[in-house]
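Report on one structure; see the data block that follows.
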Amino acid sequence: MIRPRSISGLREFLPAEQIAFNRCVEIVRKHFELAGAVPLSTPAFELREVLLAKEGGDSVDRQVYGVHRLADGGEDTDYALRFDLTVPMARFVAQHAGELTFPFRRYQIQPVWRGERAQAGRYREFIQCDIDVVGDQTLSLINDAEIPAIIDGIFKEMNIGPFQIRMSNRKLLEGFLSGSGIPSDAIADAMRVIDKIDKVGPDEIRKELAETFSPGAEQLDRIMVYVSLRGPAEEVIEKLLTLAPADSLNETYAAGVEELTTVARAVASLGLTSETFVLDLSVARGLSYYTGTVYETTLVDHPGIGSICSGGRYENLAGLYTSRKLPGVGISIGLTRLVTRLMEAGLLAVEQATTAPVLVTVLDPGSLDRYLNVAGLLRKAGIGAEVATEQRKIGQQFKYADRKGFILALVAGGDEFAAGTWQVKTLATGEQVVIEEVKLVETIRRMLAG
RNA sequence: GCGGGUGUAGCUCAGUCGGUUAGAGCGCCAGAUUGUGGCUCUGGAGGUCGUGGGUUCGAUUCCCAUCACUCGCCCCA
């Protein structure tokens, strides 16, 4: 016998957890579709050259799983499992550009695989929920503002406590660092250091920047003040102009200020307030492909969970696959990690282990046809129902109902059959009412609604 | 790729300074209660002590290796 065990870093859920997880998926899907995004589904694996087109070197390679037929041995592989949904989408858009209507606004909720060492909250297989808007040649900055609005709707409906969508613009930080004397070939590294500020704290960042780039004390102070800017959009923009007037730096910086201002205004017009949306100049994102707007989202009461959703604008991601310029902006929710952490923190209710609200108990096995018949009636009316066929005793049937979290139980035996009635029991309270069979569906529908 | 921690019942863990029948809580099953769950009580099932080797009269315990899980670092498109 082979001992059943799962592979490290692969998370699977028990039924009640999976039901809670699926509820979250439905919320995400609903808001994506409310924003007009169309569904896209791409295969789990792609050609290796397509997937690894975007350089990144060994650090990227190392995390990608190769796919090969067992008979082929395994050293060389032409296929690989996708590690995100953005790259497959870029390939798809480039490939089908002639058949798509732009701007192409798509969402995609599928698993991705990353060959990392497992650690708390990091999995080797997880579900990502992506939404992106891709334009033909150009893409309005208004789309950059829609992204936070969509995310805002999702997390509010998930009811997971206070959260903060933090936005910045890479041109801003890039221009600022460059204007502060950081050599251009070191800017990406400096941004990676700064991006960790939330995790390791400002003191550590200061230390790392000092060690790596040895700027003057005055410069370092300026950088630290700058990356610590965080708050309501108007306030941050005002401070940012005071701290470093746009014309005193460079074009990149000036463009960043302008873009950030435009996007922040549109976000406000879409109804977001500083309660859930702020500007945060330390947001940089490690990704090299982001070129403008960047987002990061955190739970205010649970900073330890880290970023639960992030993304940004990329001017030319599909440029890897086509000469047609296709700029995009998008965001991704790492749903597996988010939901797992929410469950651990008790922020997500995990209760029912059934998808049907009604259990039809079997008091008299000789009248099984009646029980099956009523289950069929309920199902035809769109009400989920299960018949308790496996437990001999009624007590066991109720215990089963209790454990799986059914809302209602139907009970009937000889007396009820003779009278043409059913007893409907509300499991949470133990309350039980007698209902005529002709009114049963209607009554149950009302009870479930209330 | 690098470093730390842990492997004993389904789960969380205790224990054995090396000794004959390895424990608890929770969970599970049954009964008390043959047309009613959650609470209570009683009884019961369930263990190659991760695996392989070494030391020893004797190893779940000590040593080595290995595997697995786990936490962190690197990285995280």
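In what follows, chains carry the letters A, B, and so on, assigned in the order in which the sequence lines appear, proteins first and then strands, with residues in each chain numbered from 1.
The salt bridge (Lys or Arg N to Asp or Glu O under 4.0 Å) analysis of residues 396-418 of chain A, with sequence neighbours excluded, yields the pairs A:Glu386-A:Lys404.
Crowding of A:Gln137 atom CD: a count of heavy atoms from other residues, nucleotides or ligands under 6.0 Å exceeding 12.
Between A:Lys196 and A:Glu208 there is a salt bridge, since a side-chain N of the basic residue sits under 4.0 Å from a carboxylate O of the acidic one. Contact check on A:Glu17 versus A:Arg11 returns a salt bridge, with a Lys/Arg side-chain nitrogen under 4.0 Å from an Asp/Glu carboxylate oxygen. Using a cut-off of 4.0 Å between Lys/Arg side-chain N and Asp/Glu carboxylate O, A:Arg192 and A:Asp189 are scored as salt-bridged.
Using atom C1' as the reference point in both B:rA14 and B:rU8, the two lie 9 Å apart (nearest Å). Taking atom C1' in both B:rU55 and B:rC13, one finds a spacing of 30 Å when rounded to whole Å. Atom C1' of B:rG50 sits at a distance of 44 Å from the matching atom of B:rU33, rounded to the whole Å. With P as the reference atom, B:rC29 and B:rC39 are 13 Å apart, rounded to whole Å. With both ends at atom P, the span from B:rU12 to B:rC69 equals 15 Å, rounded to whole Å. Spacing of C1' atoms, B:rU61 relative to B:rU20, comes out at 15 Å, to the nearest Å. With C1' as the reference atom, B:rG47 and B:rA9 are 5 Å apart, rounded to whole Å. Remark: the separation of the P atoms in B:rG37 and B:rG31 is 13 Å, to the nearest Å.
For A:Glu431 and A:Thr426, the side-chain atoms include no donor-acceptor pair closer than 3.5 Å. Between A:Arg313 and A:Asn143, the side chains place no donor N or O within less than 3.5 Å of an acceptor N or O (distance only, hydrogens not considered).
For the pair A:Arg117 CZ and B:rG5 P, the interatomic distance rounds to 15 Å; values are reported in whole Å. Following rounding to the nearest Å, A:Leu363 (CG) and B:rG37 (P) show an atom-to-atom distance of 12 Å. We find that CD of A:Gln391 is positioned 14 Å from P of B:rG37, with the value rounded to whole Å. Rounded to whole Å, atom P of B:rC76 lies 12 Å from atom OH of A:Tyr289. Spacing between atom CZ of A:Arg285 and atom P of B:rC75 amounts to 14 Å, rounded to whole angstrom units. The CG-P distance, from A:Leu359 to B:rU36, rounds to 16 Å in whole Å.
Here A:Val411 lies in heavy-atom contact (under 4.0 Å) with a base. When heavy atoms are screened at a 4.0 angstrom cut-off, A:Asp415 is found touching base atoms of the nucleic acid. Within the 4.0 angstrom heavy-atom criterion, no nucleotide atom of any strand lies near A:Ala412.
Taking the six-membered ring for Trp and thresholds of 30 and 60 degrees, A:Phe21 and A:Phe13 have ring planes inclined between 30 and 60 degrees apart. Ring-plane geometry between A:Phe104 and A:Phe102 is classed as perpendicular, the angle between the planes exceeding 60 degrees on a 0 to 90 degree scale with a lower cut at 30. Using bins of under 30°, 30° to 60° and over 60° for the plane-to-plane angle, the ring pair A:Tyr253/A:Phe176 lands in the tilted bin.
Closest to the side chain of A:Gln63, out of B:rC76, B:rG37, B:rG35, is B:rC76. The side chain of A:Arg114 lies closest to B:rC76, out of B:rC76, B:rU36, B:rG35.
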Tell me, what's RNA chain B's dot-bracket, Watson-Crick or G-U with both distances under 3.5 Å, | for other-strand, [ ] crossing?
-> (((((((..((((.....[...)))).(((((.......))))).....(((((..]....))))))))))))....
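Remark: the A:Gln119 side chain and the B:rC71 base include no donor-acceptor N/O pair separated by less than 3.5 Å. One N or O donor and one acceptor, one from the side chain of A:Glu416 and one from the base of B:rG35, sit under 3.5 Å apart.
Near RNA chain B, defined here as any heavy-atom distance below 4.0 Å, the residues from residues 393-410 of chain A are A:Lys393, A:Ile394, A:Gly395, A:Gln396, A:Phe398, A:Lys399, A:Asp402, A:Arg403, listed numerically.
Comparing A:Gly9 and A:Arg192 against RNA chain B, the residue whose closest nucleotide sits nearer the 5' end is A:Gly9.
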Hey, mind stepping through A:His302 and A:Leu347 against side chain to side chain contact (heavy atoms under 4.5 Å, CB included) and telling me if it holds?
-> CA-CA 10 Å; A:His302 301 267; A:Leu347 293 172; 3.4 Å; yes
